[in-house]
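So the structure is just underneath, and the comments pick up after that.
We're numbering straight along the sequence, starting at 1.
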Amino acid sequence: MSKHDSVNFPRINLISLLAGALALASLFLPWWGIDASGFGSSVSPRWTLWNGPSTDSIFRGSTQPYPTLTSASPIIGALVVISALMALAGSFTRNIRPLIGSFILSVMTPIAYLGVVSYAVTNSCNGQSNCLSGPFGTETVFGITLNWGFQIGFYLYVVAGTLTLLGLGFHRIFHKTIPTTQKSSPQPSTSTS
C-alpha cells in the first residue's frame, strides 16, 4: 500500500441513517402519558404526536386546555418528519448541511414539545391545587397513584438526535470533500522525452 492510498469507507453514513430511522420510529410511539393505578385497577392513557387527549375526563381540574396539546402535537410531528428526512438525506450525500439541519431540529423539537406539554399541564390547573404539577411527576391522592411524563417515543427521538450528532462527527472525519480547485486542476505529467 503506497503512501497516498487511503481506506475507502462506505459512501453511506450508517450512523445518520440509523438516526433517521429511529426518528421515524418515534412517530409511532407514545410521547407523553399518564398512568393511574389504585383499588386493583389501572389506566394508562398515552399519546403519540398524531393523537392528543380527546377528552378531559381523566384529568383533574375543571377547565383544562388539553386541546393545546392535541393541536400542537402534529406540528411537532411534522418537525420530527423533517428532521428524519434530513438525516436520511444526509446519509447519502457528501454535503454536511442536511445533517446540521437535522441536528438543529433534533435539539429544538424536544424543547418545543416540553414547552407545549408544560403549557398544557400548567394551564390545566387554573389556580387549583389538585391537578398535575408540571410535565412529569407522580402523586398519590385518596389511594390512587398518578404517574405522568414523557414516554418511549420522546426518549427515542432524543437518542436519534444524539446519533445525528455522532453522524455529523463521522461525516466530518470520514467523508471529507475535495475542494473544487483540486478536482479540476490537471495532474502533472511525468513523461520523459
Are [X] and [Y] joined in one hydrophobic group, where the rule is that I, L, V, M, F, W and Y side chains link up if heavy atoms are under 4.5 Å apart?
X      : Y      : answer
Ile76  : Ile104 : no
Met108 : Ile111 : yes
Leu24  : Trp50  : yes
Ile75  : Leu49  : no
Leu85  : Ile100 : no

Side-chain heavy atoms of [X] within contact of [Y], under 4.5 Å:
X      : Y      : answer
Pro110 : Tyr157 : yes
Leu163 : Leu22  : yes
Leu105 : Met86  : yes
Asn147 : Ile34  : no
Phe92  : Asn13  : no

Exam field: side chain [X] to backbone [Y], donor-acceptor pair closer than 3.5 Å:
X      : Y     : value
Trp31  : Ser26 : yes
Ser102 : Leu99 : no
Thr109 : Leu79 : no

Rounded to the nearest 0.5 Å, how far does [atom2] of [Y] lie from [atom1] of [X]?
X      : Y     : atom1 : atom2 : value
Thr48  : Leu29 : OG1   : CG    : 9.0 Å
Phe103 : Ser83 : CZ    : OG    : 10.0 Å
Ile12  : Leu88 : CD1   : CG    : 11.0 Å

Task: Chi angles and distances behind the side-chain contact (heavy atoms from CB on, under 4.5 Å) call for Phe154, Trp32 - done: CA-CA 8 Å; Phe154 177 83; Trp32 193 77; over 6 Å; no
Open item on the list: Regarding Ser16 and Ser91, do their side chains bring together a donor and an acceptor under 3.5 Å, going by distance alone?
Closed with: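 On atom types as modelled, these side chains qualify, holding a pair under 3.5 Å.
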Task: Closest heavy-atom pair and its distance - Gly77, Leu27 - done: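 Residues Gly77 and Leu27, closest heavy atoms: O-CD2, 3.7 Å.
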